[in-house]
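Worksheet: the structure to be examined is printed underneath.
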Amino acid sequence: MPELPEVEVTRRGIAGPLAGAQVVAARLGKPLRWPLGCAPATLSGATVGGAERRGKYLWLPLAREARPAGGLLLHLGMSGSLAWLPGGAASEPGPHDHFDLVTDRGTLRLHDPRRFGAVLWSPALDAAPAAPLLARLGAEPFDPALTPARFHAALQRRRAPIKAVLLDGSVVVGAGNIYACEALFAAAIHPALRAALRSTLARALALGGSTLRDFSDVHGGAGAFQSQAAVYGRAGQPCPRCGAALARRVMAQRSTYFCAACQRR
DNA sequence: AGTTAAACCTGGTTGC
DNA sequence: TGCAACCAGGTTTAAC
């Protein structure tokens, strides 16, 4: 269940037990997205520093005699989950348990039926192979540096539909398919906003544009779109979609017409 | 450069 | 009941 909230819940669940634990052994199951990148035995003896998160990736720093000894970059993919099995001998791994990090306090076990997940050893978070994977990630959604202005500017540079931009994570990380849909609904933004914009403009073009008082084409003719507008200039009239009275509100010094009933918030 | 499609896997659900 | 087709929480990689 791995979008940002699920990954963060996982991190909070393992960070405590893992911090200061000493690796006793590591066990691999079937191949995941990438090979581990080191012999599992070389992890033994390292101390786990805890658990950090970047986007949907988890990072488990490792140390030897207080010196950095790389770390493990984990991703849960589509079907992955982590379990903390406290105590000595963990239960026998099931057919979908593809990685065990056995420590002196318990075992961290990756369960991932579809195996889109990954466990990747990297000498540091800012070195290959971890760094290139994190490099393309956008802002953390709760980062104060992600101001409305910056968010807006980043979105403006993109031409793909808003839903695709959210999923792609290069503007802001964390939203997967569920939360992208939910966030767009909460903001009452159509996932294909760009397509809606294009079709609206194309229809207006076909009708010669909108003539309120001034506009005329090069032959002095008037446009006809204004009579087809669903909401513009129609405050108080029934919404063509749900029948509720259309509203007018000033936003950014401009009259904004909308339906408060079916365009939520 | 930026957007889209294919690829990686398994398992559950749907439809014939 | 059996089996094919399709869908599922993601993201890299290759291709327009």
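Below, each value reflects all heavy atoms present in this structure, side chains not excepted, and no hydrogens, waters or symmetry copies. Quick note on labels: first sequence line is chain A, next is B, and so on, each numbered from 1.
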Note to self: Need one value for A/Arg136: base, sugar-phosphate or nothing, where a base atom within 4.0 Å counts as base even if backbone is also close, heavy atoms only.
What the structure shows: base

Note to self: For the residue pair A/Arg158 / A/Ser170, report whether a side-chain donor-acceptor contact shorter than 3.5 Å exists.
What the structure shows: yes

Note to self: If you only use heavy atoms from C-beta on, which nucleotide in B/dT10, C/dG9, C/dT12 is closest to the side chain of A/Lys30?
What the structure shows: B/dT10

Check: Starting at the 5' end of DNA chain B, which residue's closest nucleotide do you reach first, A/Phe116 or A/Ala160?
Finding: A/Ala160

Note to self: By nearest atom, which of the nucleotides C/dG10, B/dT10, C/dT11 is closest to the A/Asn177 side chain?
What the structure shows: C/dG10

Notebook entry, point to check: What integer distance in Å separates A/Leu76:CG from C/dG10:P?
Noted result: 11 Å

Margin query: Please report the distance, rounded to the nearest Å, between NZ in A/Lys163 and P in B/dT4.
Written below: 13 Å

Note to self: Of the options B/dT3, B/dG11, C/dG9, whose atoms approach the side-chain atoms of A/Arg159 most closely?
What the structure shows: B/dT3

Checklist line | Separation of atom CG in A/Leu137 from atom C1' in C/dT12, rounded to whole Å | finding: 12 Å

Notebook entry, point to check: Any idea which heavy atoms bring A/Trp121 and A/Ala69 closest together, and the distance?
Noted result: NE1-O, 3.7 Å

Notebook entry, point to check: In whole angstrom, what separates A/Asp168's CG from C/dG10's P?
Noted result: 12 Å

Next item on the list: Mind calculating the distance between CG (A/Asp97) and C1' (B/dT10) to the nearest angstrom?
Entry: 14 Å

Item checked: Flag if over 12 foreign heavy atoms under 6.0 Å of CZ, A/Arg64 -> yes

Margin query: Partner lookup for C/dC6, please. Criteria are Watson-Crick or G-U wobble with both distances under 3.5 angstrom; report none if nothing qualifies.
Written below: B/dG12

Next item on the list: Write down the atom of A/Ala235, the atom of A/Arg248, and the distance for their closest heavy-atom approach.
Entry: CB-CB, 3.7 Å

Notebook entry, point to check: Given that A/Arg114 and A/Leu134 both sit by DNA chain C, which one's nearest nucleotide is further toward the 5' end?
Noted result: A/Arg114

Check: If the P atom of C/dA14 is compared with that of B/dC9, how far apart are they to the nearest Å?
Finding: 15 Å

Checklist line | Given C/dT12, B/dT10, B/dT3, the nucleotide with the shortest approach to the side chain of A/His96 | finding: B/dT10

Checklist line | Whole-Å gap separating P (B/dG11) and NE2 (A/His111) | finding: 9 Å

Margin query: For a quick test of reading the model: is some side-chain N or O of A/Tyr179 closer than 4.0 Å to OP1 or OP2 of C/dG10?
Written below: no

Item checked: Rounded P spacing from B/dT14 to C/dG9 in Å -> 15 Å

Next item on the list: Of all the heavy-atom pairs spanning A/Phe99 and A/Ala26, show the shortest one and how long it is.
Entry: CE1-CB, 4.3 Å

Check: Across the strands shown, which category fits A/Leu167 at heavy-atom distances under 4.0 angstrom: base, sugar-phosphate, nothing?
Finding: nothing

Check: A/Asp112 has an atom CG; how far is it from atom P of B/dC8, in whole Å?
Finding: 16 Å

Margin query: Need one value for A/Arg33: base, sugar-phosphate or nothing, where a base atom within 4.0 Å counts as base even if backbone is also close, heavy atoms only.
Written below: base

Next item on the list: May I have the distance from A/Arg157 (atom CZ) to B/dT3 (atom P), rounded to whole angstrom?
Entry: 11 Å

Next item on the list: Would you give the length of the straight line joining atom CG of A/Leu246 to atom CZ of A/Arg234, rounded to the nearest 0.5 angstrom?
Entry: 8.5 Å

